Amino acid sequence: MQKQIDLVTFGPEHLDGAVALSRAESWPHRPEDWAMVQQLSAGVAVVDDQGRVTGTTFMTPFGDDYATINMVIVDKSMRGLGMGRKLMERAFELAGQRPLRLIATKEGLPLYEQLGFVATGTIRQHQGHVQAVGRPEGVEDMQAGDVEAVKALDRQAYAADRSALIDALLEHGRFAVVRKGDTIDAWAVIRPFGRGEVIGPIIAPDVETARVLIAYFASSREGAFLRVDTGSETGLAPWLSEIGLTHVGGGVTMRRPLTEDGGQLRHKAYALASQALG
């Protein structure tokens, strides 16, 4: 007899079950990492008749500009029943009319293509125990008065208001900036995540500046476990491998509908906050 299942609003009571679900998929997310996504998102949990969480999805809105769909997991015991499609349809309802973005795993790619998502690029996940890196000049910790300038630079790079994400990162991470005269020209953040720490987002005008920001954090963390999720087109991958952050996988960036970023922006994202949040 088929199990009874319910799709319910994801709440704090589902966090432990979600962590167990992600660990079964060898995802590194801690309870704190799930909680941060929940803080920024609307989520759905699949709960079976034993009260066990057997599926999840989240929709993270960035104003009305776009939303990401993330943390889409279906327990192995529930696969083949159309649950992934049901979760995606519920995420569509939560997103309303917002354009959608996601980063697809190899397993999820066929479903997302069926649902109208179009591939736009690839993300490379680099991680490992960082080697000795010299401390660079020209980078400093962000000051309290810099927050609005950091948010403005992020809006330029993403053409979207991600203030809520930056506010959450301020709670959990440490920001560094590069100044050009009196103006902030680049920034990055490091925070605890998974097995160690993640560096991202990185918003910069060029790959050299992005490397300097990474080096600023890495220089005080020799031997520590660091992670950087970067687009394959950024040019960071060879240098990340040189400093001990090995390419271990990634995903396919997708959009629904397919939209083009407006113009040639001087600043862009060289690393993501996470594959869930972009």
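These numbers come from a predicted model, not from an experiment. Worth knowing before you read on, the calculation uses all heavy atoms, side chains too, and leaves out hydrogens, waters and symmetry mates.
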> Between the side chain of R195 and the main-chain N/O of G128, is any donor-acceptor distance below 3.5 Å?
Replying inline: no
>> Return the CG to CE distance between L102 and M71, rounded to the nearest 0.5 Å.
In response: 13.5 Å
> Taking side chain as C-beta onward, heavy atoms only, is L226 less than 4.5 Å from Q127?
Replying inline: no
> Between atom OH of Y158 and atom CG of L153, what is the distance when rounded to the nearest 0.5 Å?
Replying inline: 11.5 Å
> Cation over ring, R256 on Y66, under 6.0 Å and within 45°?
Replying inline: no
>> Is it the case that the ring center of F10 lies less than 6.0 angstrom away from the ring center of F58?
In response: yes
> For S274 and D229, what are the C-alpha separation, side-chain angles and deciding distance, and is it a side-chain hydrogen bond (donor to acceptor under 3.5 Å, both in side chains)?
Replying inline: CA-CA 7 Å; S274 70; D229 293 292; over 6 Å; no
>> Between H126 and L240 (side chain of the first, backbone of the second, donor and acceptor by atom type, cut-off under 3.5 Å), is there such a pair?
In response: no
>> Is any side-chain heavy atom of P136 closer than 4.5 Å to one of R211?
In response: no
> For I123, does its backbone N or O pair with a side-chain atom of S232 as donor and acceptor, under 3.5 Å?
Replying inline: no
> T234 side chain to T230 main-chain N or O, any donor-acceptor pair under 3.5 Å?
Replying inline: no
>> Assess whether a salt bridge exists between R221 and E197, defined as any Lys/Arg side-chain N lying under 4.0 Å from an Asp/Glu carboxylate O.
In response: yes
> Has the side chain of S41 got a donor or acceptor atom that lies under 3.5 Å from a matching backbone atom of Q38?
Replying inline: no
> Would I199 and V189 count as a side chain to side chain contact (heavy atoms under 4.5 Å, CB included) if you check the C-alpha gap in whole Å, the side-chain angles of each, and the deciding distance to 0.1 Å?
Replying inline: CA-CA 6 Å; I199 300 175; V189 61; over 6 Å; no
>> Is it the case that the side chain of R23 and the backbone of A20 share a donor-acceptor pair, with hydrogens and angles ignored and the cut-off at 3.5 Å?
In response: no
> Is there a donor-acceptor pair under 3.5 Å between the side chain of R124 and the backbone N or O of E233?
Replying inline: no
>> Is a donor from one side chain sitting under 3.5 angstrom from an acceptor on the other, for H267 and D185?
In response: yes
> ring-ring contact (aromatic ring centres under 6.0 Å, His included): which pairs involve residues 128-147, sequence neighbours left out?
Replying inline: H129-F225
>> Side chains of V8 and V44, heavy atoms from C-beta outward: is any pair under 4.5 Å?
In response: no
>> Check D65 with R162, please: is the shortest side-chain N to carboxylate O separation under 4.0 Å?
In response: no
> From L40 CG over to M59 CE, what is the distance, rounded to the nearest 0.5 angstrom?
Replying inline: 11.0 Å
> Where the side chain of T209 meets the backbone of P205, is there a donor-acceptor pair that is under 3.5 Å apart?
Replying inline: no
>> Once rounded to the nearest 0.5 Å, what's the spacing between atom CD1 of I214 and atom CD1 of I190?
In response: 10.0 Å
> Should F175 and L169 count as side-chain neighbours, where that means a heavy-atom distance under 4.5 Å?
Replying inline: yes
>> Within the supplied structure, the quantity of interest is the number of heavy atoms (other residues, nucleotides, ligands) at a distance under 6.0 Å from D16 CG; does it exceed 12?
In response: no
> What about the rings of F193 and H172, do their centers lie closer together than 6.0 Å?
Replying inline: no
>> Does E113 form a salt bridge (charged side-chain N to carboxylate O under 4.0 Å, His left out) with R255? I'd like the steps, not just the answer.
In response: CA-CA 10 Å; E113 289 176 335; R255 296 190 181 192; over 6 Å; no
> Tell me the salt bridge (Lys or Arg N to Asp or Glu O under 4.0 Å) pairs involving residues 126-146, sequence neighbours left out?
Replying inline: E140-R179, D141-R174, D146-R179
> Step by step, would you call D154 with K151 a salt bridge (charged side-chain N to carboxylate O under 4.0 Å, His left out)?
Replying inline: CA-CA 5 Å; D154 190 77; K151 290 181 176 180; over 6 Å; no
